[in-house]
K.L.:
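Below is the structure I would like to discuss, written out as C-alpha cells.
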2 protein chains.
Amino acid sequence: MKKVSASTIERLSMYLHLLREMAADGVTKISSEELAAKCGTSAAQVRKDLSFFGTFGKRGLGYSVDELIKALRGILGLERRWRVALVGAGKIGAALLAYQDFARQGFDIVAVFDVDPKKIGKEWHDLTIQSDDQMELALRAGIDIAIVAVPAEAAQAVVKRITGAGVRAILNFAPTKLNVPDTVAVKTVNMAMELEGLSYALVNDTRGPRTVNTRPAASAGMRDSNG
Amino acid sequence: MKKVSASTIERLSMYLHLLREMAADGVTKISSEELAAKCGTSAAQVRKDLSFFGTFGKRGLGYSVDELIKALRGILGLERRWRVALVGAGKIGAALLAYQDFARQGFDIVAVFDVDPKKIGKEWHDLTIQSDDQMELALRAGIDIAIVAVPAEAAQAVVKRITGAGVRAILNFAPTKLNVPDTVAVKTVNMAMELEGLSYALVNDTRGPRTVNTRPAASAGMRDSNG
DNA sequence: GGCTGTGAAGACCTTCACAGCC
DNA sequence: GGCTGTGAAGGTCTTCACAGCC
C-alpha cells in the first residue's frame with residue numbers, strides 16, 4: 001500500500017456506492033466489466049484500482065458483491081463512524097444537515113459552531129449552536145472532521161484554529177485556497193469553479209465525443225463522464 | 001487550442017479568482033512565480049496553462065493583472081452571462097440561491113422547478129417555483145445550464161428530460177452517476193464521496209508531507225494542496 | 001471458456017531548463 | 001538582469017495484453 005492516487009480513491013468510493021445499490025437489488029456477484037460500465041471507466045481500471053489493496057475476486061467468476069463492499073469499507077475506513085463538526089450555521093450547513101445520507105454512510109455531525117450571537121444557543125436541526133469561543137475545546141473532545149461553511153474571508157483564520165485544535169481532516173466549502181500543515185487533509189467543494197468549467201465546455205463545444213471531468217489527471221472518469 | 005485538460009481549466013478558474021482579489025487590492029502586475037505560490041502550484045505550470053491559449057505576459061516584466069483577468073474571462077466564456085435553471089427546490093437549492101457569488105460571477109439562476117404540489121406557485125428567493133410539467137418549455141426558452149438538486153433516485157430521469165430539452169451543461173448534486181449524450185457536459189458535486197476521501201486519508205495517515213487532492217491526475221494542486 | 005491480477009506499453013500531465021524578449 | 005514561452009525530459013495514470021486460476 002504505497003502510493004495510491006486520489007483518482008483511485010474517488011473511484012473506489014464510486015464502486016462502493018454502486019455495489020450498495022446492487023446489493024439492495026439482490027445482486028450477489030459482478031465482473032470488473034459490469035462494474036466499469038456502470039461507473040464510466042474501464043474493466044482494467046477497476047481491477048488495477050483494487051489490486052493496490054489486495055486480491056478480492058475469483059478468476060473466471062468475478063467478485064462477490066458483499067465481499068467487495070466489505071473490502072471497500074475497510075479500505076476507505078468506513079467500518080467505524082466519524083465525528084464531524086460543522087463550522088458556520090448558514091444555508092450550506094443547513095443543506096448538509098438535511099442531507100441525511102451522511103449519517104447513513106458513517107459520518108455523524110455532532111456539533112455546530114457560529115460567531116453570530118443571535119444564533120448561539122439556538123436549537124437547530126437537533127443540535128445546539130455553540131459559540132465559536134468553545135470551538136477549540138469541543139474539537140479536542142473527539143472531533144475527526146471539520147466542515148468549513150463560513151464566508152471566504154473568514155475561512156483561513158477558522159482553519160488555522162481548527163488545525164491548531166488537532167483536527168486533521170477538513171471539508172471546505174469556502175471559495176478560497178486554504179493553507180494547512182502537511183499532516184492535515186483538505187477537500188474543497190467550490191461550486192463557482194464547477195460552473196466556470198461548464199462555461200468553458202459550452203463556449204468550446206466541439207460537438208463530438210468528449211469528456212468533461214471535474215478533476216485533474218485522474219479526474220477522467222471519476223466524477224462523471226459525459227461522453 | 002486542441003486538447004486542454006480539465007486540470008488546466010480548474011487552475012485557470014483558480015488563477016482568475018486570485019487575480020480578482022489582487023486587482024481589488026490594487027495590484028497591477030504579477031509574475032508566474034507569485035501567482036503559482038498563491039495557488040499551490042508551480043510557475044512553470046502557470047505559464048504552461050496559459051500557453052495553451054496564447055501569450056499574455058511580457059518577458060522580463062510578468063503579467064498585467066487586468067489584462068490577464070480579461071484574457072481568462074474570455075477563455076472561460078465569462079464575458080457573457082449564463083442563464084441557469086435550478087431543478088429541485090430543496091435545501092441544496094436554497095443554499096445555492098443564497099450563495100450570491102454566483103450572480104457576481106456571471107451565472108443567473110432565473111427559474112426553479114419542483115414536483116411537490118405544495119411548493120409549486122410559491123415565491124422562493126425572488127423566484128416562483130414552477131411545476132416540472134413546464135420544465136421542457138421553460139428550458140427551451142433559453143436556459144444554458146441546469147442544476148440538478150433532486151434525490152438520487154429521480155436524478156437520471158430528470159437529466160434525460162433536461163438533455164432532451166436541449167440543455168448542454170449540467171451541475172449535478174445528486175449522489176449518482178448520470179448517463180448523458182456526448183454533447184452534454186456534466187459536473188458532479190458529491191459530498192459523501194469527498195468525506196470518504198477524508199476518511200481514507202485519516203486511516204492512512206502517514207504523518208509526513210502529503211497531498212490530498214480532490215481530483216484525479218491533474219488533480220494535484222487544483223482544488224487545494226494541503227502540503 | 002471466462003475472468004482476474006499484473007507487468008509492460010502507451011497516453012497524459014507536470015517539471016525542467018533554456019532560448020528569447022524586455 | 002528578469003521573466004516569459006516552450007520543446008524536451010521526467011513522472012504519473014490508464015490501457016493493453018496475457019499468464020494464471022476457476
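Proteins come first, then strands; the chains are lettered A, B, ... in the order of their sequence lines, and each starts at number 1.
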K.L.:
If I take atom CG in residue Leu50(A) and atom P in nucleotide dT14(D), what distance separates them, rounded to the nearest angstrom?
P.N.:
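Value for this atom pair: 13 Å.
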K.L.:
Between dT14(C), dC3(D), dC16(D), which nucleotide has the shortest distance from any of its atoms to the side chain of Ala44(A)?
P.N.:
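Taking heavy atoms from C-beta onward, the closest nucleotide is dC16(D).
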K.L.:
Can you tell me if the side-chain N/O atoms of Lys48(A) get under 4.0 Å from OP1 or OP2 in dT15(D)?
P.N.:
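It does not, given that no N or O in the side chain of Lys48(A) lies less than 4.0 Å from OP1 or OP2 of dT15(D).
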K.L.:
Kindly say if Ser32(A) contacts the phosphate of dC3(C), meaning a side-chain N or O under 4.0 Å from OP1 or OP2.
P.N.:
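No.
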K.L.:
When you measure from the side-chain N and O atoms of Gln45(A) to the phosphate of dT15(D), is any distance below 4.0 Å, counting only OP1 and OP2?
P.N.:
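Yes, within the criterion.
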K.L.:
Ser31(B): which residues meet the side-chain hydrogen bond (donor to acceptor under 3.5 Å, both in side chains) condition with it, sequence neighbours left out?
P.N.:
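Glu34(B).
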K.L.:
It should be established whether Arg11(A) places a side-chain nitrogen or oxygen under 4.0 Å from OP1 or OP2 of nucleotide dC13(D).
P.N.:
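Looking at the OP1 and OP2 atoms of dC13(D), neither is under 4.0 Å from any side-chain N or O of Arg11(A).
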K.L.:
Check this for me: Glu79(A), atom CD, are more than 12 non-hydrogen atoms of other residues, nucleotides or ligands nearer than 6.0 Å?
P.N.:
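Yes, enclosed.
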K.L.:
Calculate the interatomic distance between Ile9(B) atom CD1 and dT14(C) atom P; express it in whole Å.
P.N.:
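Those two atoms, CD1 and P, are 12 Å apart.
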K.L.:
Can a side chain N or O of Ser5(B) be found less than 4.0 Å away from OP1 or OP2 on dC12(C)?
P.N.:
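Answer is no, no contact under 4.0 Å.
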K.L.:
Looking at side-chain heavy atoms only, is the closest gap between Leu97(B) and Ile109(B) below 4.5 Å?
P.N.:
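In short, these two side chains touch, coming nearer than 4.5 Å.
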K.L.:
Taking NZ from Lys58(B) and C1' from dG5(D), how many angstroms apart are they, rounded to a whole number?
P.N.:
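Taking atom C1' of dG5(D) as the reference, NZ of Lys58(B) is at 14 Å.
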K.L.:
For Arg47(A) and dC21(D), what is the distance between atoms CZ and P respectively, to the nearest whole Å?
P.N.:
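Going from Arg47(A) (CZ) to dC21(D) (P), I get 16 Å.
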K.L.:
For Arg20(B), give me all partners under side-chain hydrogen bond (donor to acceptor under 3.5 Å, both in side chains), at least two apart in sequence or on another chain.
P.N.:
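side-chain hydrogen bond (donor to acceptor under 3.5 Å, both in side chains) check on Arg20(B) returns Gln105(B).
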K.L.:
Of all residues at least two apart in sequence or in a different chain, which pass the side-chain hydrogen bond (donor to acceptor under 3.5 Å, both in side chains) check with Tyr15(A)?
P.N.:
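Partners of Tyr15(A) under the side-chain hydrogen bond (donor to acceptor under 3.5 Å, both in side chains) test: Asp49(A).
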K.L.:
So, using side chain to side chain contact (heavy atoms under 4.5 Å, CB included) as the criterion, who are the partners of Ala165(B) when residues are at least two apart?
P.N.:
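Per chain and number, Ala165(B) pairs via side chain to side chain contact (heavy atoms under 4.5 Å, CB included) with Glu136(B), Leu139(B), Arg140(B).
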K.L.:
Identify, residue by residue, the members of residues 60-77 of chain A with a heavy atom below 4.0 Å from DNA chain D, and return them in order of residue number, or none.
P.N.:
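Only Leu61(A) qualify.
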K.L.:
Could you state the atom-to-atom distance from CD1 of Ile30(A) to C1' of dT4(C) in whole Å?
P.N.:
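The answer, rounded to whole Å, is 14 Å.
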K.L.:
When you compare the side chain of Asp144(B) with that of Leu198(A), does any pair of heavy atoms fall below 4.5 Å?
P.N.:
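Heavy-atom side-chain distance check fails, nothing below 4.5 Å.
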K.L.:
Just wondering, do Val4(B) and Tyr200(A) contact through their side chains at under 4.5 Å, heavy atoms?
P.N.:
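Yes, close enough: below the 4.5 Å cut-off.
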K.L.:
Using whole Å, report how far CZ of Phe52(B) lies from C1' of dG5(D).
P.N.:
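Those two atoms, CZ and C1', are 12 Å apart.
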K.L.:
Output yes when a side-chain donor or acceptor of Gln156(B) lies under 3.5 Å from a complementary backbone atom of Asn179(B), and no otherwise.
P.N.:
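Here the side-chain-to-backbone pair exists.
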K.L.:
Compare side-chain N and O positions of Ser31(A) against OP1 and OP2 of dC3(C) and report whether any pair is under 4.0 Å apart.
P.N.:
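Answer no for this pair, as no side-chain N or O of Ser31(A) is under 4.0 Å from OP1 or OP2.
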K.L.:
Do the charged groups of Arg81(A) and Asp108(A) touch, with an N to O distance under 4.0 Å?
P.N.:
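Answer for the salt bridge query: yes.
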K.L.:
Rounded to whole Å, please give me the gap between CZ in Phe56(A) and C1' in dC22(D).
P.N.:
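Between C1' of dC22(D) and CZ of Phe56(A): 19 Å.
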K.L.:
Requiring both pairing distances under 3.5 angstrom, list the stems that contain DNA chain D and are made of three or more consecutive Watson-Crick or G-U pairs.
P.N.:
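Result, WC/G-U stems under 3.5 Å: C:1-22 with D:1-22.
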K.L.:
What's the CD-C1' distance between Glu33(B) and dG1(D), to the nearest Å?
P.N.:
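Between C1' of dG1(D) and CD of Glu33(B): 16 Å.
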K.L.:
Just N and O in the side chain of Ser42(B): are any of them under 4.0 Å from OP1 or OP2 of dT14(C)?
P.N.:
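No.
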